[in-house]
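Values in this document were obtained by computation on a predicted structure and should not be read as measured data.
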Amino acid sequence: MVKEGDTIPDFTLEDKEGKRISLSDFTGKTKVVYFYPKDNTPGCTTEACNFRDNYAAITSKGAVVIGISADSVTSHGNFAEKHELPFFLLSDPEKEVIQKFGAWGEKSMYGKSYMGIVRSSFILDGDNKVIKVYPKVKVAGHVQEIMNFLDS
């Protein structure tokens, strides 16, 4: 997993409308980049709606929110429309960016191990330097943690 102090190289992925979005599109802005396992699942929906409900407060601090999963552009579009998500959802079906951040790893459910997206968040400064890492995120209270960090 990338760590605080690392600089993230530019990447480009498609958003929920199929538009190509690059990290460099947000140069000079603080970026909250969060990785989540799957659209329209209980934990991921709760997390996305928490970002939605606090979106104005986050953007008022000069930050943008970027959610990334391996789901398709179509899935992201449906997810965003269903839950009125105003922020960027980027599709990484090849898991290239997910792996570069270290958000791909071994997980377990009901005693079975499998590989999947590890729910994690990263805050990047205007120059794409990692200033905060949240590995293995618990959904409850996470967006508040991010807002507290942005306030500090």
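Under the 4.5 Å side-chain heavy-atom criterion for grouping Ile, Leu, Val, Met, Phe, Trp and Tyr, I68 is not connected to I131 through any hydrophobic cluster. The hydrophobic cluster containing V130 does not contain V118, counting ILVMFWY residues as joined when their side-chain heavy atoms lie under 4.5 angstrom apart, directly or transitively. Note: the hydrophobic cluster containing L85 also contains I146 (ILVMFWY, side chain heavy atoms under 4.5 Å, direct or indirect links).
Relative ring orientation between F87 and Y55 is described as tilted, the plane-to-plane angle lying within the 30° to 60° band.
Between L89 and A80, the shortest heavy-atom contact is CD1-CB, 4.1 Å. Of all heavy-atom pairs spanning N54 and N50, the tightest one is ND2-O, 2.8 Å. Listed here is the closest heavy atom pair of E4 and V133: OE2-N, 3.3 Å. Closest approach of S120 and K136 over heavy atoms only: CB-N, 4.3 Å.
At least one side-chain heavy atom of I66 sits under 4.5 Å from a side-chain heavy atom of V64. Within the 4.5 Å cutoff, the side chain of W104 has heavy atoms near those of the I117 side chain. With contacts defined as side-chain heavy-atom distances shorter than 4.5 Å, the pair S121/E145 does not qualify. Side-chain contact between E47 and Y34: present, with at least one pair of heavy atoms (C-beta onward) separated by less than 4.5 Å. When side chains are defined from C-beta on, D127 does not count as touching T7, because their heavy atoms never get closer than 4.5 Å.
Results of the side-chain contact (heavy atoms from CB on, under 4.5 Å) test with L90 over T12, L23, L13, V97 single out L13 as the only residue that passes.
Between I58 atom CD1 and R52 atom CZ the span is 12.5 Å, to the nearest 0.5 Å.
Checking D39 against H76 by side-chain atom types alone, a donor-acceptor pair falls below 3.5 Å.
Partners of K29 under the salt bridge (charged side-chain N to carboxylate O under 4.0 Å, His left out) rule, at least two apart in sequence or in another chain, do not exist in this structure. With sequence neighbours left out, F35 forms a ring-ring contact (aromatic ring centres under 6.0 Å, His included) with F101, F122.
Taking the ring centroids of F51 and Y36, they lie at or beyond the 6.0 Å cut-off.
Sorted by first and then second residue, the ring pair (Phe, Tyr, Trp, His ring centres under 6.0 Å) pairs involving residues 128-152 (not counting sequence neighbours) are Y134-H142.
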